[in-house]
Amino acid sequence: MEASSSPISIQTTPLQDHPEASPKPYKKSFVTALMEAATLRSHSFKEDTYFISNLKSSEKKALQELKDKLVASEASDSSMWGVPLLGGDDKADVILLKFLRARDFRVSDSLNMLLKCLAWRKEFGADNVVEEELGFKELEGVVAYMHGYDREGHPVCYNAYGVFRDKEMYERIFGDDEKLQKFLRWRVQVLERGINLLHFKPGGVNSIIQVTDLKDMPKRELRVASNHILSLFQDNYPEMVARKIFINVPWYFSVLYSMFSPFLTQRTKSKFVISKEGNVAETLYKFIRPEDVPIQYGGLSRLSDLQNGPPKPASEFTVKGGEKVNIQIEGIEAGATITWDIVVGGWDLEYSAEFVPSAEGSYTIAVEKPRKVAASEEAIHNSFTPHEPGKMVLSVDNTTSRRKKVAAYRYIVRKSTALVPATFNYAN
């Protein structure tokens, strides 16, 4: 498998060439303004480096006091996530600092939280839950799952509870307390898998990213389960989440956020990113590369891809309102097979693909005829094998819209020694 090194050019048709697509004066609605305010109000979260040298003198003192109190406690020989808490190494310091940070470096409160967490982990069997078969195959990759990494290397956990609008599904999972407890155990299992990917070392990756999809989430029905999950995670997984990204956020969420926001610490609020419906890909691309974003959220990553090693890198571009972008992949040899993926966040524009032979007099081949791509469509995956050399042109036409959209594509060319008739396969 060999990637083509041919030059790629992106051509645009300026907005002024399409007067019918010129933007009209835009006035923000109250809801839009409120949602933006909820997002912009919070300063960007700055994650701890966990270098002892970066701590204030009072914080270093608190760390030592916590160690001293732990030595004198009944949990002096305890471990957490395979790390002896009094092992005297950097990993232990990272874990202890998480508990201190969660309680604003109040040593007694931090010790109390730590001891309760150790007791819960022992009673719950948290150290072994990752290996258990809990029978939630239908929820894997749908409700809660680890999928790829963000741009800084944090593992990403996706959460989506819209499937529980189905009453039969809801009863099957949450029908009684025994079922609820089993679901909570499974949800802890997903989180523990993510934590197993962390470094627990200064300057390393020591927390995960949470992406929560609020689309179609049944609020009232999931209130009990949500409260249990929130309580478990807050009490036993301090400072394990570097950023909480909420996507497909309904208008009323921002109203609620504006109400409870004053009761949240600035540190907690700084971790929140709020994205309304229709801005999912645009929001996720800021933190996660397109090849790591699941296809249902405007990315290029399929669950099956994760079994094939690191994802193939993608190139990002934007499609401005009133523009048509042509991606030209040149230097394709006869008999070579080009395979590509392309996606535009929130599509709702026209897409086409054609092969242009190098020889004069040869006919351009419409690999994919121009068609309107719906907003809900996932990334396009296709391949084509020409019988003569030329270039592939992928086109996205946004001339009827005034909205700028994020997009990504990638391709690979497999050279062949045998000359074959032109063929292509198409799959979304």
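Sequence positions, counted from 1, serve as the residue numbers for this chain. Fair warning: this is a prediction, and the values are worked out from it, not measured in the lab.
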Study note, to complete from the structure: Here the pair of heavy atoms bringing Gly299 nearest to Ala379 is O-CB, 3.6 Å
Check your understanding: Which pair of heavy atoms, one from Arg410 and one from Lys312, lies closest together, and at what distance?
Key -> NH1-O, 2.8 Å
Point to revise | Residues that Arg187 engages under salt bridge (charged side-chain N to carboxylate O under 4.0 Å, His left out), provided they are two or more places apart | key: none
Point to revise | Backbone N/O of Phe124 and side chain of Arg185: donor-acceptor pair under 3.5 Å | key: yes
Review point. Would you say the side-chain atoms of Lys98 pair up with the backbone N or O of Glu239, donor to acceptor, closer than 3.5 Å?
Key: yes
Practice item. Determine the minimum heavy-atom distance between Ala314 and Leu300, stating which atoms define it. Key: CB-CD1, 3.5 Å
**Study point:** Shortest non-hydrogen contact between Leu184 and Ala225, atoms and distance
**Key:** CD2-O, 4.2 Å
Exercise for review: Mark yes when over 12 heavy atoms from residues, nucleotides or ligands other than Lys179 sit less than 6.0 Å from its NZ; otherwise mark no.
Suggested key: yes
Check your understanding: Just checking, Lys182 and Phe136: is the charged tip under 6.0 Å from the six-membered ring centre and within 45° of the axis?
Key -> yes
Review point. Does the side chain of Ser301 pick up a donor-acceptor pair with the side chain of Asp292 at under 3.5 Å?
Key: no
Review point. Nearest heavy-atom pair of Tyr158 and Pro294: which atoms, and what distance?
Key: OH-CD, 3.1 Å
**Study point:** Residues, nucleotides or ligands: over 12 heavy atoms within 6.0 Å of Lys405 NZ
**Key:** yes
Review point. With distance as the sole test, does Asn206 use its side chain to make a donor-acceptor pair with the main-chain N or O of Lys201 at under 3.5 Å?
Key: yes
Practice item. Write down the atom of Ser395, the atom of Asn326, and the distance for their closest heavy-atom approach. Key: OG-OD1, 2.6 Å
Review point. Which word best sums up how the rings of Tyr351 and Trp347 line up, parallel for under 30°, tilted for 30 to 60°, or perpendicular for over 60°?
Key: perpendicular
Check your understanding: Is any side-chain heavy atom of Lys372 less than 4.5 Å from a side-chain heavy atom of Asp348?
Key -> yes
Check your understanding: Counting heavy atoms not belonging to Lys116, are there more than 12 under 6.0 Å from its NZ?
Key -> no
**Study point:** Student check: side-chain heavy atoms of Tyr50 and Phe200 closer than 4.5 Å
**Key:** no
Determine all donor-acceptor pairs shorter than 3.5 Å in which one atom belongs to a side chain in residues 160-170; sequence neighbours excluded.
from: Asp166; atom 1: OD1; to: Glu168; atom 2: N; distance (Å): 2.9
from: Asp166; atom 1: OD1; to: Met169; atom 2: N; distance (Å): 2.8
from: Tyr170; atom 1: OH; to: Glu221; atom 2: O; distance (Å): 2.8

Review point. How about Trp186 and Glu132: does a side-chain donor come under 3.5 Å of a side-chain acceptor?
Key: no
Donor-acceptor contacts under 3.5 Å from residues 66-73 side chains, at least two apart:
from: Lys67; atom 1: NZ; to: Asp93; atom 2: OD1; distance (Å): 2.8
from: Asp68; atom 1: OD1; to: Gln64; atom 2: NE2; distance (Å): 3.0
from: Ser73; atom 1: OG; to: Leu70; atom 2: O; distance (Å): 2.7
from: Ser73; atom 1: OG; to: Ala75; atom 2: N; distance (Å): 3.1

